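Keep in mind that this is a model prediction, so the values were computed, not measured. By convention in this document, chain letters (A, B, ...) are assigned in the order of the sequence lines, proteins followed by strands, and residues within each chain are numbered from 1.
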Amino acid sequence: MTGGNKTVQPKRMELYVHIPFCVKKCEYCDFLSFPCAEDDTQRRYVEKLIQEIVKMGYRYRKYTVSTIFVGGGTPSLIDSGLIVEIFDALRENFHIEPEAEITLEANPGTLTEQKLADYRRAGINRLSIGLQSTDESELKLLGRIHTYAEFLESYRMARAAGFENINVDLISGLPGQTEESWLKTLRAVTELEPEHISAYSLIIEEGTPFYEKYGDEAVNPAYPPIPDEDTDRRIYHLTKDVLKSCGYERYEISNYARPGYECRHNIGYWTNMPYLGLGLGASSYMEGRRFTDLESFEEYMSAPAGRHRNVRKLTEKDMWEEFFYVGLRMIRGVSLTEFEKRFGFFPARAFPGVMERFIRDGAAELVHGYFRLTDYGLDVSNYVLAHFLLEKEEFPSCRN
Amino acid sequence: MADISQDRIRNFCIIAHIDHGKSTLADRIIEMTGLLTSREMQAQVLDNMDLERERGITIKAQTVRTVYRAKDGQEYIFNLIDTPGHVDFNYEVSRSLAACDGAVLVVDAAQGVEAQTLANVYLALDHDLDVFPVINKIDLPSADPDRVADEIEDVIGIEAHDAPRISAKTGLNVEDVLEAIVTKLPAPKGDPNAPLAALIFDSVYDSYRGVIVFCRIKEGTVRRGTPIRMMATGACYDVVEVGYFGAGQFIPCDELSAGMVGYLTASIKNVKDTRVGDTITDRDDPCEKPLPGYKKVTPMVYCGMYPADSAKYPELRDALEKLQLNDASLFFEPETSVALGFGFRCGFLGLLHLEIIEERLEREYNLDLVTTAPSVVYRIHKTNGDVIDLTNPTNMPDPSEIDYMEEPVVSAEIMVTTEYVGAIMKLCQERRGTYLGMEYIESTRALLKYELPLNEIIYDFFDALKSRSRGYASFDYELKGYERSELVKLDILINREEVDALSFIVFADSAYERGRKMCEKLKGEIPRHLFEIPIQAAVGGKIIARETVKAVRKDVLAKCYGGDITRKKKLLEKQKEGKKRMRQIGNVEIPQKAFMSVLKLDEE
């Protein structure tokens with residue numbers, strides 16, 4: 001390893017807590033989640049999760065926790081008493097920084113005043129509400145469990161409960177979507193003035209009901225068509241312009257925030273911050289290793305807590321690659337100086353011609369020592385990022 | 001063994017149209033003459049390359065010696081010389097036939113006489129072989145042996161009504177074939193005490209013994225220590241070992257004398273010294289003149305072969321050298337392409353030969369290849385009087401230096417049921433064929449004779465023939481010579497850069513059509529890039545067709561949930577996988593298979 005990097009500060013990390021339950025699977029969803037309404041199953045899961053928290057808290061006792069994100073599934077589905085128990089356990093077993101950003105994902109239709117009050121008591125200071133669209137027909141098409149009115153009610157309650165940092169999730173590029181319908185969604189949401197907006201462009205994932213209907217060019221006249229490439233891109237660009245005019249800056253491929261409200265947890269993922277995942281199938285990156293929790297619910301419940309799988313110690317080559325294909329999700333790009341500091345050589349030697357080529361093709365630019373994707377580069381980010389993977393045998397001796 | 005008299009030897013081959021059951025009958029003969037037990041029989045003993053078995057065709061001649069106790073109570077030595085079964089290897093077939101005294105003609109009881117049946121019989125008769133027919137596959141429900149017997153007599157003119165009617169598959173009546181070999185085929189002739197004259201009909205390379213030469217002793221005797229000379233190549237050696245062919249093995253013996261078929265080794269390091277068709281004689285007591293029929297084999301089809309990974313160039317060279325040890329008709333020499341880097345220009349007997357070599361390189365030597373479109377050899381007469389043979393379109397001189405060009409033409413015989421005559425004639429016309437004539441074989445079938453430019457048939461003619469006749473047409477051809485033709489070089493420009501490896505030579509009147517189709521085809525092959533890519537076809541610097549590959553608009557993985565970077569990497573790797581078989585030409589990545597696009601221009 002290279003020298004440098006000898007900080008005396010305590011090491012910092014992020015926590016991700018996974019709640020895999022939802023009311024029902026949405027049509028496009030390929031996350032690790034499943035419908036579960038049984039209190040007993042939920043309780044047993046939380047007990048197991050707490051065992052993991054205790055074990056991991058001890059293992060990583062030298063770290064302080066800068067952010068926590070409770071995701072799912074629908075974490076707001078389960079009894080808020082269980083959430084409080086989880087946070088009690090987290091506080092007992094980890095050193096959580098006083099200024100920590102603590103987010104919980106919630107879906108309209110599952111929130112109540114009682115739950116929100118419990119969240120506040122648990123120390124949760126940020127809510128991420130899944131809206132996806134304000135158009136009722138689009139919500140129905142997505143298989144969402146809520147109406148727009150229910151979202152408005154949830155949002156109002158969240159504000160009333162004292163949440164001052166709220167994210168709203170949206171999805172663009174939906175079947176049948178037009179620039180007009182999307183603009184309506186954007187307008188309605190910005191009027192509510194959330195601090196943060198995530199706007200993803202729909203990806204039809206294999207294994208989802210959407211894939212059956214729209215995947216692999218399975219065009220069925222019974223379903224509204226997905227917007228063609230050009231419309232999809234116009235919608236995507238529209239998002240950026242509209243949100244910018246309302247004071248939201250894009251800081252990551254699909255994330256927009258009012259200044260100072262960028263999601264620290266999210267940024268951590270792209271900037272080499274260690275993070276520990278807790279719960280079913282959660283991903284971790286700790287001490288130079290990537291690993292995941294068990295993904296089968298039965299296995300997770302029966303195996304000793306904190307069993308990890310797919311452990312992979314990153315090689316130096318992995319780290320060079322990640323520096324780019326992970327870091328470039330940030331709009332500001334990656335600092336070439338930082339790469340040099342971390343690895344001891346200028347990155348062009350590991351990726352000869354690659355950066356130059358994308359700058360030439362207008363997909364990237366070099367601004368104040370940062371290499372970053374342009375708007376066009378973001379549109380085709382996969383294409384660009386794939387070029388930052390090296391062949392197995394390509395392990396150029398970059399250092400002298 | 002040496003006291004076996006000539007009249008108890010039968011040297012013969014089996015000839016047939018493809019799929020009429022030649023190899024199956026060979027297997028049955030070997031099995032029934034008792035050399036192998038059924039248990040030892042692998043299906044189709046003679047075709048021993050994997051590739052041959054998969055494709056069901058014989059590529060290299062194989063030879064086996066068996067012993068048959070005939071009904072007259074005597075034991076006979078059978079030397080069965082299996083011949084390659086494809087027009088690409090016609091010369092090899094002719095040399096194998098020359099090593100025989102007789103031939104068993106196998107005709108399918110359902111399909112009857114086909115184009116290759118005729119071609120092979122004529123070839124056998126040309127070599128003065130006695131031929132007797134066998135009607136095979138009589139177990140098929142559609143078998144009509146009486147009609148086929150009539151057909152053989154009418155079309156070929158050989159007696160067929162007493163022909164054994166057999167099923168090589170089940171073994172039914174194969175005994176009759178064995179007897180007929182004894183009674184109907186002649187014993188070899190030749191004087192064991194005359195000066196040595198032995199015909200080379202094949203050779204294989206063995207890493208311990210060097211080249212093993214397969215030969216038919218026409219005159220004289222050869223034994224260990226005989227000082228030999230190959231009369232065409234002039235190479236001289238001393239014989240180390242002689243022997244005959246067991247099933248799949250070489251069995252040494254004391255000597256081979258006139259009339260016998262066997263092998264010899266002489267520490268020969270290079271298969272090039274042992275050309276098929278050459279005559280082996282005794283240095284100290286040479287025969288007067290070589291045996292007739294020797295030809296130096298020249299490749300008919302050339303293409304460029306490049307390693308997908310340019311670092312594998314030495315491996316490709318080694319592999320080609322090894323293949324050449326066993327295949328004197330394979331030609332190669334180094335060449336370079338702007339687009340593809342260092343590689344080899346390789347020459348082949350035909351497209352099948354090319355495909356076989358390509359597959360062997362990929363399978364047996366694990367090489368990933370980029371192959372350019374095959375080309376025939378054009379003859380260019382330059383204004384300064386020079387004549388050059390053009391094997392690579394890239395080397396075509398400037399049109400101003402060319403007086404005129406010639407291209408190879410073949411005479412082809414196509415046998416087809418009468419209902420498809422129209423469709424096949426149309427096909428031949430499209431392929432610039434010259435109609436020579438038509439004969440009715442019987443009321444429902446005709447034999448069409450055409451003269452066709454070789455470059456019109458090397459790619460997909462056979463496929464087109466099959467599809468336009470619902471599989472009923474059969475086809476055979478031989479090279480006739482060179483004819484003057486109006487030819488131009490069609491260049492392909494990708495992103496305004498000429499890609500040398502995509503150039504090909506085309507009949508001038510077809511240039512526009514071919515150029516247009518080529519651009520269309522390439523448009524489908526070249527993935528979208530971050531910029532628009534024009535694909536153009538040009539003749540002599542003039543653009544005649546154009547297509548455009550649009551730029552990528554969206555390729556984004558917006559979601560990346562819960563920090564699952566590993567999954568993201570997998571997705572990116574999947575995307576990258578597709579780029580592996582790509583070639584970088586200027587700023588454009590071109591998939592390797594695009595270099596063969598010209599072959600598929602006529603696909604629907």
Side-chain angles (χ1 to χ4, degrees), chain A residues 14 16 18 30-32 69 71 171-173 198-203 205 229-230 232-233 236 253-254 265-266 268-270 275 277 281-285 290-292 310 312 318 321-322 325-326 329 357-358 360-363 376-389 391 393, chain B residues 307-315 366-368 494-497 524 526-534 548-591:
Chain A
E14 304 186 331
Y16 173 80
H18 192 65
D30 77 326
F31 293 143
L32 187 52
F69 195 102
I171 300 182
S172 70
S198 295
Y200 296 105
S201 173
L202 177 71
I203 309 278
E205 301 281 1
E229 224 172 30
D230 290 346
D232 181 84
R233 285 300 88 187
Y236 193 70
I253 286 190
S254 310
H265 185 84
N266 191 351
Y269 287 153
W270 320 128
Y275 52 87
S283 304
S284 300
Y285 172 49
R290 295 206 179 274
F291 51 88
T292 56
N310 309 320
R312 175 169 162 74
D318 291 331
E321 294 173 347
E322 284 193 1
Y325 79 78
V326 174
R329 289 184 65 97
R357 169 184 163 181
F358 289 122
R360 180 202 68 203
D361 294 343
Y376 175 56
L378 291 167
D379 285 349
V380 295
S381 61
N382 261 6
Y383 183 96
V384 177
L385 299 184
H387 285 81
F388 286 97
L389 296 184
E391 295 298 330
E393 59 272 23
Chain B
D309 169 3
S310 52
K312 294 265 169 71
Y313 177 81
E315 278 98 320
N366 211 8
L367 289 163
D368 206 356
I494 293 180
N495 206 20
R496 298 189 175 78
E497 227 173 291
I526 296 174
R528 293 163 76 177
H529 283 57
L530 295 186
F531 43 86
E532 204 175 86
I533 304 165
T548 306
V549 179
K550 287 207 294 181
V552 193
R553 297 297 310 276
K554 179 197 182 183
D555 185 1
V556 59
L557 265 188
K559 252 185 323 186
C560 185
Y561 197 69
D564 194 352
I565 306 259
T566 309
R567 179 168 167 212
K568 166 131 185 129
K569 181 167 182 181
K570 274 188 195 136
L571 290 166
L572 290 176
E573 261 165 0
K574 214 161 118 194
Q575 168 147 13
K576 194 174 181 230
E577 200 53 36
K579 296 201 190 303
K580 271 201 177 153
R581 289 186 73 105
M582 298 267 205
R583 278 281 159 163
Q584 183 89 25
I585 311 286
N587 298 331
V588 182
E589 283 168 333
I590 301 178

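- Heavy atoms of A:F388 lying under 4.5 Å from chain B are absent altogether.
- One distance of note links CD of A:E321 with CD1 of B:I565; it measures 12.5 Å at 0.5 Å rounding.
- Comparing A:R312, A:E14, A:R233 by how many heavy-atom pairs each has under 4.5 Å with chain B, the most go to A:R233.
- Listed by chain and number, the residues in a side chain to side chain donor-acceptor pair (under 3.5 Å) with A:D230 are B:R553 (sequence neighbours excluded).
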Under the side-chain contact (heavy atoms from CB on, under 4.5 Å) criterion, do B:K568 and A:N382 qualify, and how do the steps go?
-> CA-CA 10 Å; B:K568 166 131 185 129; A:N382 261 6; 4.0 Å; yes
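- Contact between A:Y383 and B:E589 at its shortest, heavy atoms only, is OH-OE1, 4.2 Å.
- Using a distance-only test at 3.5 Å, with no hydrogens or angles considered, a donor-acceptor pair links the side chain of A:Y376 to the main chain of B:L530.
- Using a 4.0 Å cut-off between charged side-chain N and carboxylate O, A:E322 and B:K569 make no salt bridge.
- With sequence neighbours excluded, the residues satisfying ring pair (Phe, Tyr, Trp, His ring centres under 6.0 Å) with A:F291 are A:H308.
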